[in-house]
Each structure stands twice: as structure tokens, then as C-alpha cells.
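Report on the structure given below.
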Amino acid sequence: MTFMRGIAFAALLSALPFAHATDHNKIDQNSPTSTSTVARFDQGGLAQSFKQSADNITGAGLFLSTPFGEETQVTIELWTKLPNLGGSRLATASAKGQAGSWVDVFWPKVMLDQGATYYLVFNGTPGFVGVLGDLTDPYADGQLYANSGFDPQFTWMDFTFRTFAEAQAVPEPAAWSVMLGGLALLAGIARRRA
């Protein structure tokens with residue numbers, strides 16, 4: 001009986017790793033449209049305000065434009081308010097970005113207040129790598145900030161950006177069947193003992 005109970009328990013445990021490792025992050029906020037290059041990293045003071053739907057954030061991304069350069073080191077920081085307005089930095093991460101594509105960074109999960117305004121601050125290697133954005137206010141829950149002092153006058157503009165949140169762990173169908181089989185086996189063993 002102990003051997004059978006061990007097999008049932010092993011079957012139950014084998015079903016527990018829900019979802020694939022690649023499913024760990026999902027896009028939460030997404031402003032994918034772009035009309036032009038709206039800024040360059042050498043301007044400084046680049047930020048985007050946003051409101052997360054999930055109660056956490058695990059990373060963010062920015063789309064780099066092609067005309068101004070090939071590659072740059074990009075750092076994306078998460079702030080409670082803009083740095084010049086007394087904000088606190090909650091997370092930071094860097095990655096090498098290729099012109100003409102997304103550069104995504106990830107950090108350990110940070111818990112957020114859903115619906116509250118947060119800020120992504122963008123830094124890159126000084127030079128001429130451009131950042132894409134949209135001049136038609138496509139993202140209703142935030143705006144672009146640019147130039148020294150995080151100039152707030154660009155209320156009708158948004159960077160082409162996205163944020164990530166931890167994906168909910170959802171068992172796959174095969175995991176459910178193995179888990180239910182293990183539970184049935186344990187129930188059968190318990191019934192025999194009674």
C-alpha cells in the first residue's frame with residue numbers, strides 16, 4: 001500500500017508545475033502604434049506614464065526606430081512619480097536594443113496598486129538611436145514626457161511601449177488529467193484502508 005500511495009503522490013506532484021516557463025510573463029499594457037520617431041536618448045528626461053491592470057509588473061518594453069542607429073544599451077526604470085517630483089524607483093533593468101525592434105527588460109515581480117499611475121523612465125546610450133511613438137494620443141491612461149526635467153507638455157503623445165505582468169498559473173489539460181488520476185488513486189487507497 002505504501003508503494004501505491006507513493007506512486008499516487010508522485011503523479012499528483014508531477015502535475016503541479018502549471019504552464020510553461022515561457023508563459024511566465026504576459027503583456028498587460030500595450031501601446032503598439034507609432035507614427036514617427038518622437039525622441040532620442042541623448043535628449044534625456046524620457047518617460048511614459050501608465051496604469052497597470054494587473055496587481056504586479058515584471059518588466060517593460062520600448063520600440064526603437066531605425067533611422068538613427070543600429071544598437072544601444074537601454075535601461076528602463078519603474079517609478080512611483082517622476083524622479084524630479086519626488087518619486088521612488090521601484091525597479092530597474094537593462095538590455096541591448098536593436099534599432100527597428102522591441103527592447104524588453106524584466107525584473108523581479110513588483111506589486112502595484114491597480115489603476116494607480118506609475119512611470120517608466122527610459123535611458124539609453126547617448127547618440128542618435130530614436131524611440132518610436134504616436135502623435136495621436138493612442139494610450140488614454142498616460143502620456144509621454146521628454147527633454148530635461150521630464151517636460152510634461154506632450155499630453156497628446158505616447159511612446160510605443162508595453163508592460164508585462166506575471167501570468168496566472170493555469171493547469172494544462174494533461175496536468176489536470178494526471179492530477180485527477182492521482183487523487184482518484186489516493187481516494188481508492190484510503191477507501192481500502194477503511
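Rounded to the nearest 0.5 angstrom, Leu46 CG and Arg40 CZ are separated by 10.0 Å. Rounding to the nearest 0.5 angstrom, the gap separating the CE atom in Met111 from the CG atom in Leu90 is 12.5 Å. With values rounded to the nearest 0.5 angstrom, Gln29 atom CD is found 4.5 Å from Ser53 atom OG. How far CG of Leu120 is from OG of Ser49: 9.0 Å, rounded to the nearest 0.5 Å. One finds the CG atom of Asn84 at 8.5 Å from the OG atom of Ser148 (value rounded to the nearest 0.5 Å). Atom CG of Asn123 and atom CD of Glu77 lie 5.5 Å apart (nearest 0.5 Å).
Here the side chains of Val38 and Leu144 are in contact, with some heavy-atom distance below 4.5 Å. Within the 4.5 Å cutoff, the side chain of Thr92 has no heavy atoms near those of the Leu78 side chain. Within the 4.5 Å cutoff, no side-chain heavy atoms of Val129 are placed close to those of Val74.
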task: Would you check, one step at a time, whether the test side-chain contact (heavy atoms from CB on, under 4.5 Å) holds for Trp79 with Leu82?
output: CA-CA 6 Å; Trp79 288 75; Leu82 289 170; over 6 Å; no
task: Show the numbers, then the answer: is there a side-chain contact (heavy atoms from CB on, under 4.5 Å) between Phe41 and Phe122?
output: CA-CA 8 Å; Phe41 288 116; Phe122 307 112; 4.2 Å; yes
- prompt: For Thr33 and Thr136, what are the C-alpha separation, side-chain angles and deciding distance, and is it a side-chain contact (heavy atoms from CB on, under 4.5 Å)?
  reply: CA-CA 10 Å; Thr33 63; Thr136 63; 5.7 Å; no
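Cluster membership for Leu135 and Phe50, using ILVMFWY side-chain heavy atoms within less than 4.5 angstrom, is shared. Under a hydrophobic clustering in which Ile, Leu, Val, Met, Phe, Trp and Tyr are joined whenever their side-chain heavy atoms come within less than 4.5 Å, directly or via other members, Val131 and Val105 fall into the same cluster. Cluster membership for Tyr145 and Phe154, using ILVMFWY side-chain heavy atoms within less than 4.5 angstrom, is not shared. Linking ILVMFWY residues whenever their side-chain heavy atoms come closer than 4.5 Å, directly or via other members, leaves Met157 and Tyr119 in distinct clusters.
In terms of heavy atoms, Ala54 sits closest to Gln114 at O-CG, 3.4 Å. The nearest pair of heavy atoms linking Ile76 to Val103 is CD1-O, 4.3 Å. Across all their heavy atoms, Ala91 and Val110 have their closest contact at CB-CG2, 4.0 Å. Of all heavy-atom pairs between Ala47 and Phe150, the closest is CB-CD2, 3.8 Å. The shortest non-hydrogen separation linking Thr155 to Asp137 is O-OD1, 3.7 Å. Closest heavy-atom contact between Thr160 and Pro32: CG2-O, 3.5 Å.
Side-chain N/O atoms of Asp158 and Ser31 include no donor and acceptor closer than 3.5 Å. With 3.5 Å as the limit, one finds no donor-acceptor pair spanning the side chains of Asp134 and Ser34. Checked by atom type, the side-chain pair Gln52/Thr163 shows a donor-acceptor distance below 3.5 Å. Checking Asn147 against Gln43 by side-chain atom types alone, a donor-acceptor pair falls below 3.5 Å.
Judged by distance alone, the side chain of Glu166 and the main-chain N or O of Asn56 form no donor-acceptor pair under 3.5 Å. When atom types are taken as modelled, the side chain of Tyr118 and the backbone of Asp113 share a donor-acceptor pair closer than 3.5 angstrom. At least one donor-acceptor pair closer than 3.5 Å links the side chain of Thr72 to the backbone N or O of Thr125.
Between Phe161 and Tyr139, a ring centre-to-centre spacing shorter than 6.0 Å is recorded. Under the 6.0 Å cut-off for aromatic ring centres, Phe164 and Phe106 qualify, their centroids lying closer than that.
Ionic pairing of Asp28 and Arg162 is not present here: no N-O contact between side-chain nitrogen and carboxylate oxygen is shorter than 4.0 angstrom.
In this pair, Phe63 and Trp102 present their aromatic rings perpendicular. The plane angle is above 60°, beyond the 30 to 60° band.
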